[in-house]
Amino acid sequence: MKKLKYALFTGCTAKQSTPEQMMSTMAVARKLNIELIELTEASCCGASHLQDYDDFLSLVLNARNIAYAEKHGLTMVTICNTCQLNTAMTKHRLDKNPELKARVNEKLAEVGLEYKGTSLVTHFLYAIIDDFGLDKIKEMVVKPLSQFNIAPFYGCHNIRPSELQNESHKTPENPYNPTSLDDLIIACGGKNVDYEQKNKCCGFHVELQAPHTAAVLAGSAIAGATDNNADMMVTPCPLCHLKLDTQTKSSSEAVGREVSLPVLHMQQMIGLALGCSAAELGLKHNVTEINFL
Amino acid sequence: MSINKISTQKVNFKVFRFNSDVDYLPYYEDYTMDVTSEEVVLDILNRIKWDHDGSFSYRRSCRHGICGICAIKVNGRSTLACKESMSTMIEYFGNDLTIEPLSTKRAVKDMIIDKGDFWEKHAAVTPYLVADIDECPSCENLVSPHDAEELDDADLCIQCGACHYACPVVEINSDFFGPAAFAAAYRFEADVRDSDGQRLIDVNEEKQGVWDCVKCIECTEVCPKGIDPFSKITKLHQMAFKKGVAKNNVATRHAVGFLHSIKRNGVLDEGGLVLYSEGVSIVKHIPVALQMFRKGKIVMPWNIVKSDNLDEIQKLIKSSSTVKF
């Protein structure tokens, strides 16, 4: 198989509040022999909040990020659902609207860049499924997670709006019955847990302005996974991870019961199955104790 | 022209039953039926009533996706029964389907719910044109095609409630207006003839307003008319800044804080954003922050790795900004 190579848009949390996500991404890429060229020029995507303030500026900044991936001639891979949504949404809007694209490019020209629309933008989860293949992952597993029930938590911005998301990857995902993460868990040897909240919201985006709403959502998700005998949760989104992993106290208070489960990043789960060490996967940075190692 | 062959398959339905007059608790009834590929969900509701149990209750009227009254949930997905084809439902969920009202806790009888909260919120956003138009105008009040496009299909809403009862915030925060009311508010805020000043202020209030939206995009996913309420919510945020009605509060500072951070670092300064948004209220985050610090999850501002070519980002912010707060 030809060596896979992508332009990596790390997003901001991978460099700050979820260092373990960055570490495990690189560890898994090494194991899978995937080359990731980090887009060190990229700015924050605005996380769906800058868009609320200044839509055009947000488009220009996201188009600039994609332009750097295009310069490498590579597909842009994201490792955060919200980065994925904002970047793919920018691409969708510019590709569908030549007039808007021209206005954005007029600005980018001021810094010698151009958005062409030549690079696909896809989340690492789907790059692995579409390009690498779960069958190959399965073959490479050296330490299957067969003793664990693992609850997938998909994260809204990878599955909705489905019309946009399904432009970004080949394997179609049904937002009401998503399967990609379940399939990945099975490929890693784990038992996937079905529960009501797996495709629901974690509440992260309103943590500051509506803390009760956010805490109820996160608490319900952890409770749903727990009640279906999950030993741990896994998510492809670092924002969901932060909400589920670091806020268990407020989540527990909001749902009126103690809720706490180890939460792995998707990359940490793959890494464990492929035999990466705890240190390589940054497991010491997870707040809720990883009690099975 | 080829005519698709009609196929038939067995589907197991688990149907929500409840009569508030006689039942304390709801229960589910099972039906197995042969379903053809050309049937819609409403056909199944009709068949349950006509072939199995005449007491089964649901609302239906136009059968053309216009009246908006037959919205229910299939396997948790809000759907307009007369528009949703059974083959799509089977493709989504397989051959075991659960039929429930839009909101089980609001059930009155079977699929019929009390939509009172929906209408209350709808009414609260002044869902009509407020304009000083003479009762007997001497000429037409023209709206240009360009201005009409600004409505962005928001006027297509049929008030079916699919998005409202798919919204997780509606279930948690009873003050929250919900996506349908926001889409209605946008429809009139975007109308060049409208002169109501209060609506935009109301939909930007804390607790009830757009800032409590969790951005889960469930509303857009379920809308049978393709209205995309989420984008209308985003536009209401933007309008609040553009028209100067955005209050200086944690939610608006959170949005603006991204700009400050990007200007300074290219990337986000996570701690700085929380500080900028919360002000002195940041103290309430100290316990979680300490826990994160101990786990190596807090990067000090002076250690943040800035984006390469930061000057480009700063130049673009200068030339491309369209809003001031």
Side-chain angles (χ1 to χ4, degrees), chain A residues 12-13 15-19 40-44 46-57 59-61 64 82 85 104 107-108 110-113 156-157 160-162 174-177 196 200-201 203-206 208-210 212-214 216-217 242 246-247 249-250 284-287, chain B residues 75-77 92-93 168-169 172-173 206-207 211-218 220-221 228 230 234 237-238 241 249-251 254-259 261-262 266-268 270 274 277-278 287-288 291-292 295-299 304-305 307-309 312-313 315-317 319-323 325:
Chain A
C12 304
T13 50
K15 292 300 185 75
Q16 291 178 49
S17 54
T18 57
T40 50
E41 308 88 349
S43 71
C44 169
S48 81
H49 297 287
L50 179 65
Q51 287 80 342
D52 288 343
Y53 175 62
D54 192 333
D55 186 51
F56 184 67
L57 176 62
L59 282 173
V60 170
L61 293 176
R64 175 181 171 275
T82 299
L85 173 74
V104 166
K107 297 296 174 191
L108 290 180
E110 293 171 11
V111 294
L113 291 169
C156 302
H157 294 170
R160 287 182 290 268
S162 55
N174 171 356
Y176 298 102
N177 193 14
E196 194 190 325
K200 298 285 190 290
C201 175
F204 178 86
H205 286 281
V206 294
L208 299 186
Q209 58 265 45
H212 177 69
T213 300
V216 170
L217 290 170
L242 279 168
T246 69
Q247 307 273 344
K249 190 169 175 282
S250 59
K284 66 170 187 185
H285 294 293
N286 291 44
V287 170
Chain B
N75 284 33
R77 181 195 195 273
Y92 268 18
F93 302 116
V169 187
I172 297 169
N173 167 7
E206 287 170 63
K207 285 285 268 182
W211 296 100
D212 278 46
C213 165
V214 291
K215 299 175 183 287
C216 67
I217 323 186
E218 296 260 14
T220 293
E221 197 62 44
D228 188 3
F230 177 64
T234 303
H237 284 123
Q238 294 160 0
F241 286 114
N249 58 29
V250 61
H254 184 232
V256 181
F258 273 84
L259 177 64
S261 223
I262 296 170
V267 298
L268 189 64
E270 295 176 333
V274 179
S277 309
E278 293 279 23
V288 171
Q291 202 180 19
M292 289 174 68
K295 290 287 187 172
K297 283 173 156 305
I298 304 258
V299 175
I304 287 172
V305 182
S307 303
D308 288 350
N309 304 353
E312 278 178 21
I313 295 167
K315 199 170 169 188
L316 287 173
I317 289 175
S319 76
S320 309
S321 289
T322 60
V323 192
F325 181 54

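Note that the coordinates shown come from a computational prediction; the quantities given were computed from them, not determined experimentally. Per chain, numbering begins at 1; letters A, B, ... match sequence-line order.
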Determine yes or no for a side-chain-to-main-chain donor-acceptor pair under 3.5 angstrom, with [X] supplying the side chain and [Y] the backbone.
X: B:Lys315; Y: A:Val111; answer: no
X: A:His157; Y: B:Lys215; answer: yes
X: A:Gln16; Y: B:Ile304; answer: no

B:Leu259 vs A:Asp54, side-chain contact (heavy atoms from CB on, under 4.5 Å): CA-CA, chis, key distance, verdict: CA-CA 9 Å; B:Leu259 177 64; A:Asp54 192 333; over 6 Å; no
Sequence-distant partners of B:Asn249, side chain to side chain contact (heavy atoms under 4.5 Å, CB included), two or more places apart: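 For B:Asn249, the residues satisfying side chain to side chain contact (heavy atoms under 4.5 Å, CB included) (neighbours in sequence not counted) are B:Glu206, B:Lys247, B:Ala251, B:Thr252.
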Derivation of the side-chain contact (heavy atoms from CB on, under 4.5 Å) call for A:His205 and B:Val214: CA-CA 6 Å; A:His205 286 281; B:Val214 291; 5.7 Å; no
Residue [X] versus chain B: region with a heavy atom under 4.5 Å:
X: A:Lys107; value: both
X: A:Leu108; value: both
X: A:Val206; value: side chain
X: A:Pro161; value: both
X: A:Leu61; value: side chain

Does any part of the side chain of [Y], heavy atoms only, come nearer than 4.5 Å to the side chain of [X], both counted from C-beta?
X: A:Lys200; Y: B:Cys216; value: no
X: B:Pro168; Y: A:Leu217; value: yes
X: A:Glu41; Y: B:Glu312; value: no
X: A:Leu57; Y: B:Ser320; value: yes
X: B:Lys295; Y: A:Asn286; value: no
X: B:Val288; Y: A:Gln247; value: yes
X: A:Asn177; Y: B:Asn75; value: no
X: B:Val267; Y: A:Lys15; value: no

Heavy-atom pair count under 4.5 Å with chain A, highest-scoring of B:Asp228, B:Ile317, B:Val305: B:Ile317
Max heavy-atom pair count under 4.5 Å with chain A, selected residue of B:Asn173, B:Val169, B:Asp212: B:Asp212
Can you tell me how far apart [atom1] ([X]) and [atom2] ([Y]) are? Round to the nearest 0.5 Å.
X: A:Ser43; Y: B:Ile262; atom1: OG; atom2: CD1; answer: 5.5 Å
X: A:Thr13; Y: B:Leu268; atom1: OG1; atom2: CG; answer: 9.0 Å
X: B:Gln238; Y: A:Asp55; atom1: CD; atom2: CG; answer: 4.5 Å
X: A:Leu242; Y: B:Lys297; atom1: CG; atom2: NZ; answer: 5.5 Å
X: A:Cys201; Y: B:Ile172; atom1: SG; atom2: CD1; answer: 8.5 Å
X: B:Ile217; Y: A:Cys156; atom1: CD1; atom2: SG; answer: 7.0 Å

With chain B, which of [options] has the greatest number of heavy-atom pairs at distances under 4.5 Å?
options: A:Thr246, A:Val60, A:Leu208; answer: A:Leu208
options: A:Ser48, A:Ala47, A:Ser17, A:Ala210; answer: A:Ser17
options: A:Val104, A:Val216, A:Val287; answer: A:Val287
options: A:Leu50, A:Thr18, A:Thr40; answer: A:Thr40
options: A:Ala214, A:Gly203, A:Ala42; answer: A:Ala42

Atom group of [X] that falls short of 4.5 Å from chain A, counting heavy atoms:
X: B:Ser277; result: side chain
X: B:Tyr92; result: both
X: B:Ser321; result: both
X: B:Glu278; result: side chain

Partners meeting side-chain hydrogen bond (donor to acceptor under 3.5 Å, both in side chains) with A:Ser250 (sequence neighbours left out):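 So A:Ser250 forms no side-chain hydrogen bond (donor to acceptor under 3.5 Å, both in side chains) with any residue.
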Closest non-hydrogen atom pair between B:Ser319 and A:Glu110, with its separation: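 Heavy-atom minimum between the residues: OG-OE1, 2.8 Å.
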Ring geometry between A:His49 and B:Phe258 (parallel below 30°, tilted from 30 to 60°, perpendicular above 60°):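 B:Phe258 and A:His49: parallel rings.
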NZ/NE/NH1/NH2 to OD/OE distance under 4.0 Å, B:Glu218 and A:Arg160: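 Salt bridge flag = yes for A:Arg160 with B:Glu218.
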Pair B:Glu221-A:Ser162, side-chain donor/acceptor within less than 3.5 Å: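 Distance-only check passes for B:Glu221 and A:Ser162.
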Neighbour count above 12 (heavy atom, 6.0 Å) for A:Glu196 CD: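 Count not over threshold, so no.
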